[in-house]
> 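I have a structure here, written as structure tokens, and I will follow up with some questions on it.
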Amino acid sequence: MTSWRSLRPSARVARRELRRGWRRSLLAVLLIALPVFVVATASVLLRTLEVTPAEAPERWMGAADAVIRAESGAFQVEQGIDPDQSASWSSKPGLKPVEPADLRRALGRDVPLVELSRGGVDVEFTDGATYADVLALDTRDRLTAGLVRVERGRLPRAAGEVLINAGLADRGIGLGDPLTVRSASGERSMVRVVGVGSPHGSQASRMMVGLPQTLPIPSGSSRSWLVGGGDVTWDDVRALNKIGVFALSRAVLADPGDAPDSIPGSGGGDNPVMVAVVGMIVAMVLLEVVLLAGPAFAVAARRQERTTALMMVCGATPRQARWVVLAMAGLLGVIAAGLGVGLGVAVGWASVDFAARTASESAGPLDLRWLELGGVALFALLSAFLAAAVPAWAASRRDPVAVLGGRRGEPQPRSGRPIIGLALLGFGAVGAIGGAQEPGGDATVGISAVPLAIGMLLVVPALLGVIGRAAGWLPFPLRFAARDALRNRARTVPAVGAVAITVMGIVALGVGNASDAAQERATSLPVMDPDAAVVSLYDMGGGAANRDDTWRRIQEAVDAEIGAGVAREVTTVPSKRRLRFDVPVRRNESSMLVYGNEVVVADRVPGSVWLAKVADREAADRVLASGGVVLFSASRSEHTEAVARARGTVQPAGEGQAKPGAVTLGAAPAYVARAGLDAPAAAIVSPALAARWSLPTEVRALEIPVALSGEREQRLTDRLYLISNDVSVMVDYSQDPITPGMVQLILGAGGGVLMLAGTLIATLLALSEARPDLATLESVGASPGVRRSVAASYALVVGGVGALLGALIGLIPGVAISFPLTSTTWLGEERPPGLPDHFLEIPWLLIGALVVALPLITAALVWATTRNRVSLATRLD
Amino acid sequence: MSGYLTFERVTRVHGQGAASVTALRAASLSVARGELVAVMGPSGSGKSTLLTLAGGLDRPTEGTVRVDGVDLRSLTRSGLAEVRRTKVGYVFQGFNLIPSLTAAENVALPLELDGLGGRESRRLAQEALAEVGLVDEAARFPDDLSGGQQQRVAIARGVVGDRRLLLADEPTGALDSQTGEDVMRLIRERCDAGAAGMVVTHDARHAAWADRVLFIRDGMVVDESASEPVDVLLAGDAR
Ligand SMILES: Nc1ncnc2c1ncn2[C@@H]1O[C@H](COP(=O)(O)OP(=O)(O)OP(=O)(O)O)[C@@H](O)[C@H]1O
Ligand SMILES: [Mg+2]
């Protein structure tokens with residue numbers, strides 16, 4: 001066993017050689033540093049934005065010594081230092097609620113207490129009204145100092161004064177303005193704005209802070225207090241726990257002593273599925289980096305082969321020879337780790353303010369988790385060593401005499417381990433199929449991707465062998481490239497593997513995404529035209545006169561905002577009347593949508609109702625015109641022109657007695673339009689049919705057939721809220737701007753870059769090695785273009801074989817994951833008849849682009865950028 | 001006098017079956033310390049094979065090679081490496097030096113590979129460089145040295161520390177005749193100082209520095225004699 005000291009010459013040579021070839025070194029450093037940089041930046045940003053009580057206790061408790069919370073009915077409370085992070089308790093309804101006296105008794109001393117109450121009010125301003133969250137507390141008490149961040153003005157000091165947040169200030173409410181607030185119990189009172197700001201950590205879009213007498217809040221199931229009067233010790237916390245109260249203490253935060261961070265059996269632990277998924281992603285990224293950086297080290301080792309041979313002649317052991325390459329990896333890994341983590345910390349730190357502003361949060365002090373950062377740094381080192389392992393081993397196995405004599409002296413590579421590879425592929429496939437069959441088997445499928453990927457890598461050499469042997473009928477450049485790839489498996493395999501892994505991941509994600517999108521298309525179609533808004537008034541149970549008056553004022557407000565005559569009334573059947581149709585359709589009981597569970601009465605489909613095709617609308621309008629009914633179904637229905645029956649508990653025409661129970665109303669021509677699981681309406685009934693069936697009708701909605709800007713929508717909403725808080729304005733935002741097509745595009749582009757990188761590295765490496773062969777070819781009279789065509793062919797072989805293999809294997813987890821991902825069986829009863837129980841869509845365009853287009857593009861790129869002439873005099877290195 | 005390097009009926013066959021080449025046939029020889037042996041023969045006759053076997057860079061198919069009494073056959077790859085860094089120095093026709101190491105570091109390489117401390121290695125390397133007249137060039141990199149200087153550095157490395165077997169495969173091949181003579185003189189000096197030397201050369205004038213000339217043809221040691229005039233041997237080569 002040679003001592004570490006005897007490795008010094010290897011390290012010295014590595015260091016000097018890295019400096020000599022710094023451009024090449026940079027490539028490997030960047031490959032490794034990039035993922036490290038991304039993760040380090042994310043760690044710094046996330047950890048800094050996440051402000052913990054220990055970092056800034058005043059945000060949680062102001063100047064108080066503790067903040068405590070009593071949950072009604074809670075007992076057997078166990079908590080860690082921060083009860084929000086880790087706590088367990090039992091609850092029993094009907095326990096006597098905790099009062100301040102109980103708290104003082106538990107603490108054994110008289111402490112000042114300031115109660116914090118949360119609730120909500122309606123706020124009325126000049127031309128509108130809206131709902132706002134409320135924090136009521138005595139901001140005059142010095143215990144509250146620091147709890148509320150004031151941007152302008154000051155904190156409330158007297159009854160009738162409030163501080164508002166930016167969301168309310170945006171409504172044109174300024175300092176000194178009077179406001180009317182309407183409490184949950186309906187009492188109105190006047191308040192005056194004295195400040196703009198918000199409690200730390202508040203996510204509420206509209207928020208108001210005032211003294212308890214200004215903003216009275218009925219005490220709910222949970223009460224909170226700030227506690228003063230000196231340190232609240234861990235023993236105090238335990239005493240409070242005994243009476244069912246949770247406490248966050250400043251003194252315990254500062255010096256936890258034997259207070260536990262978290263208690264067993266409560267939240268705060270990491271989700272094992274998440275851990276598995278993150279672990280898998282890390283493993284895949286590691287594999288990818290290793291495969292991409294591996295060839296770079298192979299070049300470095302190849303360039304050092306003379307040096308290592310000379311060292312071996314001078315008596316270097318194989319270990320010492322290996323260490324020339326491994327020390328390079330170590331150095332590059334350290335540089336990459338330093339660069340990645342350093343840049344990550346710098347960029348994270350520099351962008352904290354920006355990120356805080358975007359997330360409308362205030363950042364805490366710079367929070368560097370050295371354990372996490374050390375972890376990613378270790379990742380860099382590990383990937384460098386793994387990437388260098390094979391080239392280092394190869395370097396130490398080379399015959400020095402042969403190398404110095406100008407021969408290659410490479411040990412013949414074995415043809416890989418196709419048996420083990422195939423076994424792993426089979427194992428992975430079985431896992432994927434198993435995962436496909438269990439509900440929630442996504443994790444199983446995800447994990448089975450690992451043996452699939454490794455198995456795939458292990459069959460690459462054998463695959464190259466088959467292709468190399470079958471290459472006889474190919475044109476010369478392709479044949480040369482295929483044979484060369486076979487002969488130099490040591491460097492071709494990682495490159496093909498890198499491409500294959502990338503494509504595998506993209507195809508798997510692509511199939512999953514496309515299938516998900518297919519299900520999305522089938523089940524959650526939009527219900528509203530994106531360029532329309534619907535104003536509707538909920539049933540408020542008030543008198544009809546009152547209602548008519550409210551409705552008139554709503555119409556006036558809408559006309560004032562949109563322009564007279566633009567909005568159209570929508571008539572519906574009151575929801576007390578339940579209609580059932582015998583066509584199997586999905587009836588949306590829980591819809592949040594305007595007409596979602598109502599029967600609309602109209603002689604044509606309202607413009608705000610979304611329909612998949614123009615033809616749908618035309619057909620539906622025809623049925624309505626002929627006195628029929630339009631229904632919606634998530635599945636393709638054959639009842640396109642079928643007859644529909646309706647039942648309801650109505651008063652049959654002509655009879656004096658109202659009949660509860662089902663009554664068959666009659667039949668009508670029907671059209672079943674395609675919809676998602678959330679239908680735009682229960683049905684649309686023509687006025688003629690409504691009259692024939694004696695259905696009562698009322699006007700309950702206004703559709704506005706224009707796209708509203710966010711600002712106009714808010715103004716209209718506020719105006720209408722002033723009239724009634726039973727009114728709502730609906731705009732459909734469900735049409736996500738990130739369409740599945742875009743996801744596929746992003747996947748394709750990301751994969752393209754990785755593929756290009758892998759293929760280019762492998763091609764350049766192959767070219768630099770094939771240089772003597774190519775020179776020989778030219779000297780025996782091959783046309784000068786041969787170098788270019790060989791280069792392009794090389795890219796085609798590496799890219800094409802990698803992409804094809806990756807796509808084939810990627811289909812396995814992709815198809816498998818589509819089962820648990822798009823299963824509709826969870827819908828149970830609600831599942832519309834005819835809806836397939838799972839969706840599978842293969843994104844052929846994406847796969848085609850990866851397997852056919854990208855290798856061709858890469859080859860063209862290589863062809864265009866390869867120099868054609870190579871001088872025989874060019875030195876070998 | 002027992003030799004520092006001995007070959008006993010050493011045969012080396014490359015390849016197998018019909019394609020096999022016998023590079024060396026039942027060669028027996030011995031080189032003692034203080035002695036310089038020249039090896040001559042036509043191209044492909046097995047001269048380099050002889051040297052690589054002597055240096056433990058290759059293993060004989062049959063027979064025994066001993067260096068300082070140690071049977072190389074009994075050694076592992078690491079054992080052979082140890083023999084190379086402690087007993088054997090190698091000089092090739094060119095490119096003997098590692099370009100990223102200075103002359104002194106190149107000379108100190110076998111010592112450092114053996115785990116000797118940096119300061120001690122450097123001292124011994126300086127001594128060896130002084131013996132070949134290159135004290136001032138110690139800190140230079142190989143690219144800044146002339147071909148002759150590079151060969152002298154390689155010779156210094158060949159005998160640094162306690163290394164006593166100097167193997168040189170056409171060390172003068174890439175040099176002009178005057179510089180070649182200087183290199184041969186240096187090798188002669190090192191042998192006079194106690195090393196056992198074996199030099200492959202094509203040049204009769206360089207062979208004249210040797211105590212004996214080994215003549216090889218088709219892998220067989222044809223003659224091992226100091227008495228025959230060199231020009232007779234050369235005539236044999238031309239035949
Ligand atoms: N690794 C090898 N594989 C196959 N044959 C080899 C190998 N090394 C040497 N030979 C063959 O062994 C024979 C002796 O080669 P060697 O290199 O010892 O000759 P040489 O005398 O040094 O020639 P030169 O004067 O040209 O350097 C030659 O025929 C050569 O082709
Ligand atoms: Mg030779």
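Below, each value reflects all heavy atoms present in this structure, side chains not excepted, and no hydrogens, waters or symmetry copies. All of these numbers come straight from a predicted model, not from anything done at the bench. In what follows, every chain begins at residue 1, and chains take the letters A, B, ... in the order their sequences are listed.
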> Could you report the tightest heavy-atom contact between A:Val313 and B:Arg84, atom names first, then the distance?
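So the two residues come closest at O-CD, 3.3 Å.
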
> Within this structure, what is the OG1-CG distance for the pair A:Thr317 and B:Leu80, rounded to the nearest 0.5 Å?
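Those atoms lie 12.0 Å apart.
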
> Any chance you could measure A:Cys314, atom SG, to B:Leu113, atom CG, to the nearest 0.5 Å?
7.0 Å

> As an exercise: rank B:Ala81, B:Gly55, B:Gly117 by heavy-atom pairs under 4.5 Å with chain A and give me the winner.
B:Ala81

> Tell me which of these, B:Val88, B:Ile98, B:Leu116, B:Asn96, has more heavy-atom pairs under 4.5 Å with chain A than the rest.
B:Ile98

> Could you tell me which residues in residues 137-152 of chain B have at least one non-hydrogen atom under 4.5 Å from a non-hydrogen atom of chain A, sorted by residue number?
B:Phe141, B:Asp143

> At their closest point, which heavy atom of B:Arg85 faces which heavy atom of A:Gly315, and how far apart are they?
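In this case the closest contact between B:Arg85 and A:Gly315 is NH1-O, 3.0 Å.
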
> Measuring from B:Tyr90:OH to A:Leu310:CG, what's the distance to the nearest 0.5 Å?
12.0 Å

> Do B:Glu105 and A:Arg8 meet the salt-bridge criterion of a basic N to acidic O distance under 4.0 Å?
no

> Answer yes or no: does atom CD of B:Glu62 have more than 12 heavy-atom neighbours from other residues, nucleotides or ligands under 6.0 Å?
no

> Which one of B:Val83, B:Asp114, B:Leu109, B:Leu111 has the most heavy-atom pairs closer than 4.5 Å to chain A?
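Among B:Val83, B:Asp114, B:Leu109, B:Leu111, the one with the most close pairs to chain A is B:Leu109.
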
> What's the separation between atom CG in A:Asp399 and atom CG in B:Leu57, rounded to the nearest 0.5 Å?
8.0 Å

> Around atom CZ of B:Arg9, are there more than 12 heavy atoms from other residues, nucleotides or ligands closer than 6.0 Å?
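Incorrect, the count does not exceed 12.
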
> Distance from B:Glu112 atom CD to A:Arg12 atom CZ, nearest 0.5 Å?
4.0 Å

> Take atom CG in B:Asp71; do more than 12 heavy atoms of anything else shown fall under 6.0 Å from it?
yes

